[in-house]
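Mind having a look at this structure? Questions to follow.
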Protein chains: 2
Amino acid sequence: MKLQQLRYLAAIVENDLNITAAAERLHTSQPGVSKQLKQLEDELGFPIFLRQGRTLTRVTPAGKRVIDRAQKILKEVQSIKRLADEQKGDGRGSLAIGTTHTQARYVLPQVIRRFRERYPDVELHLHQGTSEQIADMAARDRIDFAINTGSQELFTNLVLLPCYRWHRRIVVPQGHPLASEGKVTIEMLGKYPIVTYVFGFSGPSSLQQIFARHGITPQVALTARDADVIKTYVRLGMGVGIVASMAMDPREDSDLVSIDASHLFPAHSTWAGFHQGALLRSYMYDFLQLLAPHLTRRLVDRAGNAATPSDVEALFTDVELPVYR
Amino acid sequence: MKLQQLRYLAAIVENDLNITAAAERLHTSQPGVSKQLKQLEDELGFPIFLRQGRTLTRVTPAGKRVIDRAQKILKEVQSIKRLADEQKGDGRGSLAIGTTHTQARYVLPQVIRRFRERYPDVELHLHQGTSEQIADMAARDRIDFAINTGSQELFTNLVLLPCYRWHRRIVVPQGHPLASEGKVTIEMLGKYPIVTYVFGFSGPSSLQQIFARHGITPQVALTARDADVIKTYVRLGMGVGIVASMAMDPREDSDLVSIDASHLFPAHSTWAGFHQGALLRSYMYDFLQLLAPHLTRRLVDRAGNAATPSDVEALFTDVELPVYR
DNA sequence: GATATTTACGTCCGCCGTAACTATT
DNA sequence: AATAGTTACGGCGGACGTAAATATC
């Protein structure tokens, strides 16, 4: 019997006996969870779950008792970890983050909610700004982590950990002609006024260049610094919006239609950076992993100890980053 | 954090912070325990034990709290296992063993004491007899396990698992001339009357042949079936006893002197046998492992599934058996 | 056909044991 | 010298992920 098996068991129960969902929550593969459950049941010698064919349907009476004890065990394990945090003074402390609107508004809220559950006494400081402002905060040592998209060249003194990649989505009001098209093209976009971020004015991924490659000049109706402003003006019918995919909330934005545009614009990479050689407190490692599950303590330490930026990159060549599309 | 680490931690505490003793109790290596402890402490980020140089001296206050929780966890784990036993009906059942005097009198008592702690409701039947009688019990399916020394040829229908090897010791009253000799030789033995088991009368390991190789005829004063009888007559001064090393109890036999004779007589191998294909209950696996720690469930299963006796042997070629000397 | 789970298989990490070394009595 | 613990290292089992098969709806 291993703790891992008990964790998997608890996750399966948490996810209503759906092994696939449990595996996702655990950031591992579904066959792995399936196998560990089977091993546990084999070791115990009786089934924890009833099955209909291959689907788990119910918990057996004996299984219920195992689950209760497993949860008790996991709680004790947690309690040991808490204890360790207190001991190290890790329950207290502070975490200062510099980041952009998109991350602060759409990605970090969930991360921070889970972080606060785990570390209610860590002081959190969130500083929003442009890439340049964030770089400045980092240079002045005002922040522990910089979280930004692109602009790596501004942060040469930081260790940059790739977190996830994301695409843009096209946003239109319900009933807009584009909403009923299959795959949107640059040509189709060119027919409507555009409401979007301040795309770079030069460089191969600037809005101008991308349209120019199709021989089209975009009609930019409005450029904003953040997606909320963009969505607001799309709602007012000022034009077709182009926003980060994370900025679309299925519930809040149910009055809008958003369309995959991953084939039109290149993907963006969001990364988290910290000063090389900085001593990370354990809650900082945990924060990073909440932000991007592949950022294990191991990996972060290796990156922090890497000699050159290209050594850091090498660590991530085999890692598949999450993609928001 | 792994359950293994918590088990090791508990064992260290149980053994008064002596890592070596803990490792022995756990039937594993000392460096392994040492390393796991260090890993646990590293993960927690603070020491569980205080050290003077390399020796563990005391438990830190925080360590105490970790230990308490670890013990709670291990208790819950135990409770899950008990639950599994009940579920399978393994708390109840019976275990019938056929064995010889030496095992029944000197080896099994400790094994059975620990077994009863774990399985108070399993009915135990211990049948003492000669090898032939045990073979007969096995043939009639009266016993689950046969435990015997040598005589493999009588048990060709059983899967035989080597348990341990043992040597004979020479037993004399205090003050006997042999007690003050360094290394006893066959020649020296030849000068005294011998009190021993019924050695085989033919075969290369018979008492006669071994003495004959040195050109000596032993003066056998008495042959008995068991060590208790032999020790009784040694106490009466009838001669020099030769008994199994396990038969000597430091406390009970403090009035006798026993001398290593492993260089004079070949080692004996005690094995445990069961019918090939028999379905072993989990308490039976546990019994075997209490008898001989290397008999893990894995190994026993493999032996039970082996096609031929030589396949079984092959499983044990790399296993180092305990030796009583 | 789509979804969910198991089976099969290859890779790689980490546990364990041996041996050598170091510290302590 | 003997005892206790750590470091170093090789072997091997087992966990994990990918891919394919299978069952269920």
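These numbers were taken from a predicted model, which means no experiment stands behind them. Letters A, B, ... are given to chains in the order of the sequence lines, protein chains preceding strands, and every chain is numbered from 1.
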### Task
Mind checking A:G53 for me? I need base, sugar-phosphate or nothing, with any heavy atom below 4.0 Å counting as a touch.
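A:G53: backbone/sugar contact only, no base atoms under 4.0 Å.
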
### Message
On DNA chain D, does the nearest nucleotide to B:T55 precede the nearest nucleotide to A:Q39 from the 5' side, or the other way round? Give the residue.
### Response
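Nearest-nucleotide comparison on DNA chain D picks B:T55.
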
### Task
Answer with base, sugar-phosphate or nothing: what part of the nucleic acid does A:S29 contact at a heavy-atom distance below 4.0 Å?
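It contacts base atoms.
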
### Task
Between A:P31 and B:L17, name the one whose nearest nucleotide on DNA chain D is closer to the 5' end.
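Final value for this comparison: B:L17.
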
### Query
B:S245 and B:R169: side-chain donor and acceptor closer than 3.5 Å?
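Result is no, nothing qualifies.
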
### Query
Would A:Y119 and A:D286 count as having a side-chain donor-acceptor pair, cut-off 3.5 Å?
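Side-chain D/A pair, A:Y119 to A:D286: present.
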
### Query
What nucleic acid atoms does B:Q36 come within less than 4.0 Å of, heavy atoms only: base, sugar-phosphate, or nothing?
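Counting heavy atoms under 4.0 Å across all strands, the contact made by B:Q36 is with sugar-phosphate only.
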
### Task
For D:dG5, take OP1 and OP2 only and decide whether either is under 4.0 Å from a side-chain N or O of B:N18.
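Indeed, a polar side-chain atom of B:N18 lies that close.
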
### Query
Of B:R54 and B:E320, whose closest DNA chain C nucleotide lies nearer the 5' terminus?
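It is B:E320, whose closest nucleotide lies nearer the 5' terminus.
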
### Message
Measuring to OP1 and OP2 of C:dT24, would you say a side-chain N or O of B:R51 lies under 4.0 angstrom away?
### Response
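No, outside the criterion.
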
### Task
Can you tell me the distance, in whole Å, between the NZ atom of B:K35 and the P atom of C:dG17?
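Rounding to the nearest Å, NZ of B:K35 and P of C:dG17 are 11 Å apart.
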
### Message
What's B:Q52 touching, base or sugar-phosphate or nothing? Going by heavy atoms closer than 4.0 Å.
### Response
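No contact.
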
#### Entry: Donor-acceptor side-chain pairing of B:R165 and B:S269 below 3.5 angstrom
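Yes, B:S269 and B:R165 have a side-chain donor paired with an acceptor closer than 3.5 Å.
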
### Task
Output the distance between atom CD (A:E76) and atom CG (B:L6), rounded to the nearest 0.5 Å.
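Between atom CD of A:E76 and atom CG of B:L6 there are 10.5 Å.
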
